Amino acid sequence: MADLPPKETAFIDWYLAVVEAADLSDKRYPVKGMNVWPAYGFRARRNLDRILIRETEASGAEAVEFPALIPATEFAKEKEHIKGFDAEVYWVTKGGLTDLDIPLVLRPTSETAIYPIFAVWVRSHRDLPLNVYQIVNTFRYETKTTRPFLRVREIHFFEEHTCQANEAHATERVGSNLAAFRRMAEAFALPYLPVRRPEWDKFPGAFYSIALDCPVGEARTLQLGSIHHYRENFSRPYEIRYEAADGSQQYVHQTTFGLSERLLGAIVAVHGDGKGAVFPSAIAPYQVVVIPIPGSDAGEAPLRTAGEVADRLARHGLRVHLDGGDERPGAKYYRWEQAGVPLRLEVGRREAESRSLTSVDRLGTKGRVAIDRLEHEVPERLLDFDRALRARAHAAFVESFSVAGSLDELAGSTRVRVVSWCGSEACGHRIETAIDGALLGTPEEPLPIPLGAPGPCVACGASADPRWAVAGRPL
RNA sequence: GGGACUGUGGGGUAGCUUGGUCCAUCCUUCGGGGUUCGGGACUCCGAGACGCCAGUUCAAAUCUGGCCAGUCCCA
């Protein structure tokens, strides 16, 4: 088996090799950017979705589902929005052999599918807040190179859409989305930074956009998702109004929260290593793999014991896989490490006789697990593993930021840079040119490195109203 | 939108300059047999490819043209 390219010096080659070796996505489907979910990758995606669903519903939203096709007339109602998406939508212009009188857009995102119906659903202040989400596929005609999970044309998309009574309530919803994402990221063991995007880079039609950015090394960042405050920007063109308690008609203030399978890409990118993928236990397709080690002198005991172990763990609710194949144990170790399984249990003659298993987690920590206390000890090992994984990721996260005191320092940077910025677009663009990337925006939460008060703007030197901003190179 | 480059089994490749020695090399993968089994086993047998369409030629993976797909750089 060929070794993986080095993650440090050939990141994207490494990433693609891991995705393929771990059987997470099959990119051989003959449409660019539209990939197949094989069984193993699909398990990871389903586990990921479960967490999104759990945390979103805990934050007070309900699942709905809207159609995939949007009439051109509805799509065109919000002018910034259509301008932002025009170049990347797929059109359905024919029904059978007949040209459609109103062409249909295959949703690139669902605002314009949902909001005409919101206008019907929302009549009274008693209908508010209206918090709904859907997990559906959306389509964007990407022209750049596509990458499994990171940049695709058919997106497995989570989108929450809400209507609130006023701007303050909408701002609160943004806060509860941030809190929900914090809990999701805990399960993914992914460190991230919420960043308010600069004006020129916000979502088309938004009042403001908060991106959830995750550093992945070499100054590169991945946007994991985004939360938008729309104010009345959509409710006015779509006429989403309600009658307030005082009898007046008011436009709702809206928010959205979007995530995608890019989260899976981030999990691979952040946690993976020279051996392959590394899954946090909440996402892992298999949390535990049990490997029997036959041996010439061992008889049936290892296989029988391995079966017992796997059965009991499965009954206990763990995702466990018994690898009883003909390969030698070493080959299995390599394969399951590549596939990112958090915990491996080995069962040979010694283990069968002593009723005590050898455990090795994906970060290399070895231990023993008493078979009599399986149901207690295995979950404990998984918790230890998750903790260690989180600590490793957090250490890398802290390492990935550093302050830059001048534009010159930005060139060729291998970190995400924190700069003092006056807030002007002109200076923002100068910063972007200097780092050959993007001014990601202003952090919404404290940065993981010690910072004093911001000094004069790195671009223009003005000292009026400076703020810390982060600049990087989006992947 | 402009330019450069690339397409060989499931994955990765050799061959292309100078057409023939190629019913296409090697690694991996896959199916089957045997010996094995505490960190990528060995061995035997077998499967599987020249992006598509034309053209040149006695002869095309190799040369020419068009198309398709992809990658990178620039706007």
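All chains are named by letter (A, B, ...) in the order of the sequence lines, taking the proteins before the strands, and each is independently numbered beginning at 1. Just so it is clear, the model here is predicted, and its values are computed rather than measured.
Not counting sequence neighbours, A:E20 has no partner by the side-chain hydrogen bond (donor to acceptor under 3.5 Å, both in side chains) test. Residues forming a side-chain contact (heavy atoms from CB on, under 4.5 Å) with A:L363 (at least two apart in sequence, or on another chain): A:D361, A:F385, A:A388, A:L389, A:R392. With sequence neighbours excluded, the residues forming a side-chain hydrogen bond (donor to acceptor under 3.5 Å, both in side chains) with A:Q134 are A:S110, A:E159, listed by chain and number. For the side-chain hydrogen bond (donor to acceptor under 3.5 Å, both in side chains) test, no residue two or more places apart in sequence or in another chain qualifies with A:H271. Here A:R231 pairs with A:E167 under the side-chain hydrogen bond (donor to acceptor under 3.5 Å, both in side chains) rule; sequence neighbours left out. Applying the salt bridge (charged side-chain N to carboxylate O under 4.0 Å, His left out) rule to A:E142 yields no partners; only residues at least two apart in sequence or on another chain are considered. The ring-ring contact (aromatic ring centres under 6.0 Å, His included) check on A:F85 picks up A:H81, A:F203, with sequence neighbours excluded. For A:R315, the side-chain contact (heavy atoms from CB on, under 4.5 Å) test picks out A:D311, A:R312, with sequence neighbours left out.
Within the structure, every pair that satisfies the ring-ring contact (aromatic ring centres under 6.0 Å, His included) test and touches residues 14-33 of chain A, not counting sequence neighbours, is listed here: A:F11-A:W14.
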Each nucleotide N or O in nucleotides 44-48 of chain B that has a protein N or O under 3.5 Å away: list the pair and distance.
none

Check nucleotides 33-38 of chain B for protein N or O atoms closer than 3.5 Å to its own N or O atoms and list the pairs.
unit_1 : atom_1 : unit_2 : atom_2 : d
B:G38  : OP1    : A:R328 : NH2    : 2.8
B:G38  : O6     : A:R349 : N      : 2.8
B:G38  : O6     : A:R350 : N      : 2.8
B:G38  : O6     : A:E351 : OE1    : 3.3
B:G38  : N1     : A:E351 : OE1    : 2.6
B:G38  : N1     : A:E351 : OE2    : 3.2
B:G38  : N2     : A:E346 : OE1    : 3.3
B:G38  : N2     : A:E351 : OE2    : 2.7

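For B:G39, the base has a donor-acceptor partner in the side chain of A:E337 [N/O atoms by modelled type, under 3.5 angstrom].
Within the 4.0 angstrom heavy-atom criterion, no nucleotide atom of any strand lies near A:T143. Using a 4.0 Å heavy-atom criterion, one finds that A:K32 contacts the sugar-phosphate atoms exclusively.
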Tell me, what's RNA chain B's dot-bracket, Watson-Crick or G-U with both distances under 3.5 Å, | for other-strand, [ ] crossing? (((((((..(((.......[.....)))(((((((.....)))))))...(((((..]....)))))))))))).
